[in-house]
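What follows is a short report on a single structure.
The model shown is predicted, which means the values in this text are computed figures rather than measured ones. Per chain, numbering begins at 1; letters A, B, ... match sequence-line order. The analysis underlying the following values was restricted to heavy atoms, covering all of them including side chains, and did not include hydrogens, waters or symmetry mates.
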Protein chains: 2
Amino acid sequence: MSRQFTSVWTREPRSRPAGPGRSREEIVKAAVELLDAEGLGGLSMRKLGAKLMSGATSIYWYVATKDDLLELAYDEVWAEISVPDPDEAHWREVASVLAHSMRQAMLKHPWSADLIGRLPALGPHAIGVSERMRRTFRLAGFTGTDIDFAGATLTAFIFGMTTPEIAWETTVEGVWDTAAAQAALTKAAAGHPELLDAIGTMPDEDPRVMRAMAFDFGLVSVLDGLERRLAT
Amino acid sequence: MSRQFTSVWTREPRSRPAGPGRSREEIVKAAVELLDAEGLGGLSMRKLGAKLMSGATSIYWYVATKDDLLELAYDEVWAEISVPDPDEAHWREVASVLAHSMRQAMLKHPWSADLIGRLPALGPHAIGVSERMRRTFRLAGFTGTDIDFAGATLTAFIFGMTTPEIAWETTVEGVWDTAAAQAALTKAAAGHPELLDAIGTMPDEDPRVMRAMAFDFGLVSVLDGLERRLAT
DNA sequence: ACCTGAACACCGTTCAAGT
DNA sequence: ACCTGAACACCGTTCAAGT
């Protein structure tokens with residue numbers, strides 16, 4: 001109840017002068033590569049040490065805990081999210097570009113889906129995105145807490161929509177026999193007419209395209225819904 | 001690429017006749033209790049064994065892997081989600097009750113936030129909810145893939161909104177000095193006028209109430225947005 | 001200032017052996 | 001049919017010791 005709030009971003013990094021040793025940037029870069037290649041479960045201090053050709057425990061000189069390292073890597077994902085200048089573009093345009101950009105960043109770094117919404121996002125890049133998003137909704141005409149509510153609604157949608165996409169890509173499409181997965185689904189749907197109909201009438205499109213369509217459908221809905229709030 | 005798709009729900013449980021030993025239900029019940037009390041990280045086969053007063057490895061007689069156990073526990077969360085009969089209520093009412101009910105189930109079992117959208121939801125209770133949700137959106141007037149898109153949009157919102165709520169409750173409010181957390185946030189917001197304004201004008205309400213308001217704001221927006229799709 | 005290896009207290013899972 | 005303990009290959013982290 002009274003433990004101190006703590007995050008990489010609230011503590012000073014240990015080494016002020018950059019000596020001859022490694023650097024935080026170097027370590028974070030290697031961590032992101034490992035995460036991209038092997039996922040969240042694939043990152044261990046021992047493996048990361050090996051990749052950096054050092055002892056596993058050397059990393060603890062630069063970073064207090066593995067969680068700190070994850071917070072650092074996490075903010076790199078936010079760095080890839082582009083948000084148009086809210087003072088230059090219409091709010092729907094800003095929100096739409098932000099949404100697609102965030103989805104792409106997540107798809108590129110699947111492990112981020114396990115972190116978004118769970119880790120404090122206090123890194124400079126995450127903060128930068130929040131700042132622009134808030135300004136966007138203020139300029140759109142929202143006031144008071146509605147500014148934050150609108151932002152929370154948008155990010156909830158993006159995050160909530162993209163996470164299952166990633167789960168599907170990294171499990172079913174990634175490693176499993178798709179036909180067998182289909183069969184399992186059909187079996188689970190037995191006795192449920194709606195689900196059987198859904199499976200039966202599923203269009204023969206590229207599933208990636210279908211997912212993009214679903215995302216766009218949802219995004220337009222969310223933006224329309226927010227616009228509706230503005231009218232009343 | 002060709003590994004067999006696999007899930008607890010696609011394999012036969014080992015023991016057909018219920019002998020004198022433990023049962024799956026008993027084990028899953030104990031697992032849920034442990035998860036509720038200690039979170040996802042608090043569940044280990046050894047601890048669960050101790051709770052059941054048996055060797056840790058005895059559990060493997062009833063359950064193939066820990067992941068299987070999690071799938072089983074996961075479906076118990078879906079069991080707590082109530083969905084009104086789509087043939088009796090207006091679709092907005094069904095969606096709204098479903099949304100609030102799912103949020104409550106997640107808040108009650110915080111560990112579920114780490115599973116939703118990541119684990120295949122093929123258990124009978126999860127399937128039951130999907131079935132009703134699909135029927136709801138069909139009766140609302142959606143057709144073809146739009147039925148699924150509408151459902152995906154709604155669940156993305158619920159899941160995406162509730163996950164950060166849980167993270168906040170279990171970390172900042174749960175274990176940390178709130179004032180210090182506030183200070184950390186203010187520091188991170190330095191130089192960002194929008195965020196500083198947000199912190200400064202934050203109403204003095206109970207944060208739980210604020211979160212419920214944010215959820216309702218977003219839900220109404222999503223439903224309005226979906227209704228808009230119907231009109232065109 | 002930086003790096004090391006040994007050690008501690010954990011994991012999930014396998015398997016031969018028991019009853 | 002069910003349960004056990006030992007063992008294997010891992011974890012994150014601490015710490016005394018090195019350079």
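Near DNA chain C, meaning a heavy atom under 4.0 Å away, the residues from residues 41-55 of chain A are A:Arg46, A:Ser54, A:Gly55.
Contact annotation: the side chain of A:Asp75 approaches that of A:Trp9 to within less than 4.5 Å [non-hydrogen atoms, C-beta and beyond]. Taking 4.5 Å as the limit, every side-chain heavy atom of A:Arg118 sits out of range of all side-chain heavy atoms of B:Thr171. In this structure the side chain of A:Glu205 never reaches within 4.5 angstrom of the side chain of B:Thr145, judged on heavy atoms. Taking the side chain as every heavy atom from C-beta outward, B:Arg208 and B:Glu169 approach each other to under 4.5 Å. Annotation: side chain of B:Leu154 is in contact with side chain of B:Leu98 (closest heavy-atom distance under 4.5 Å). Residues B:Thr65 and B:Asp68 have side chains in contact (heavy-atom distance under 4.5 Å, counting atoms from C-beta outward).
Rounded to a whole Å, the OH atom of A:Tyr60 is 16 Å from the P atom of C:dG5. What separates CD of A:Glu26 from P of C:dC2 is a distance of 12 Å, to the nearest Å. Look at NZ on A:Lys66: it is 18 Å from P on C:dC10, rounded to the nearest Å. For the pair A:Ile59 CD1 and C:dT4 C1', the computed distance is 13 Å after rounding to whole Å.
B:Trp61 has no side-chain polar atom (N or O) that falls below the 4.0 Å cut-off from OP1 or OP2 of D:dC3. For the pair A:Tyr62 and C:dC2, the criterion of a side-chain N or O lying under 4.0 Å from OP1 or OP2 is not met. One finds no side-chain N or O of A:Thr57 lying less than 4.0 angstrom from the OP1 or OP2 phosphate oxygen of C:dT4.
For the pair A:Glu33 and A:Lys29, the salt-bridge criterion is met [side-chain N within less than 4.0 Å of a carboxylate O].
Close placement of the A:Phe159 and B:Phe159 rings is indicated, their centers lying within 6.0 Å of each other.
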Taking Watson-Crick (N1-N3 plus N6-O4 or O6-N4) and G-U wobble (N1-O2, O6-N3), each under 3.5 Å, can you produce the dot-bracket string of DNA chain D? Use [ ] for crossing pairs and | for inter-strand ones. ||.|||||...|||||.||

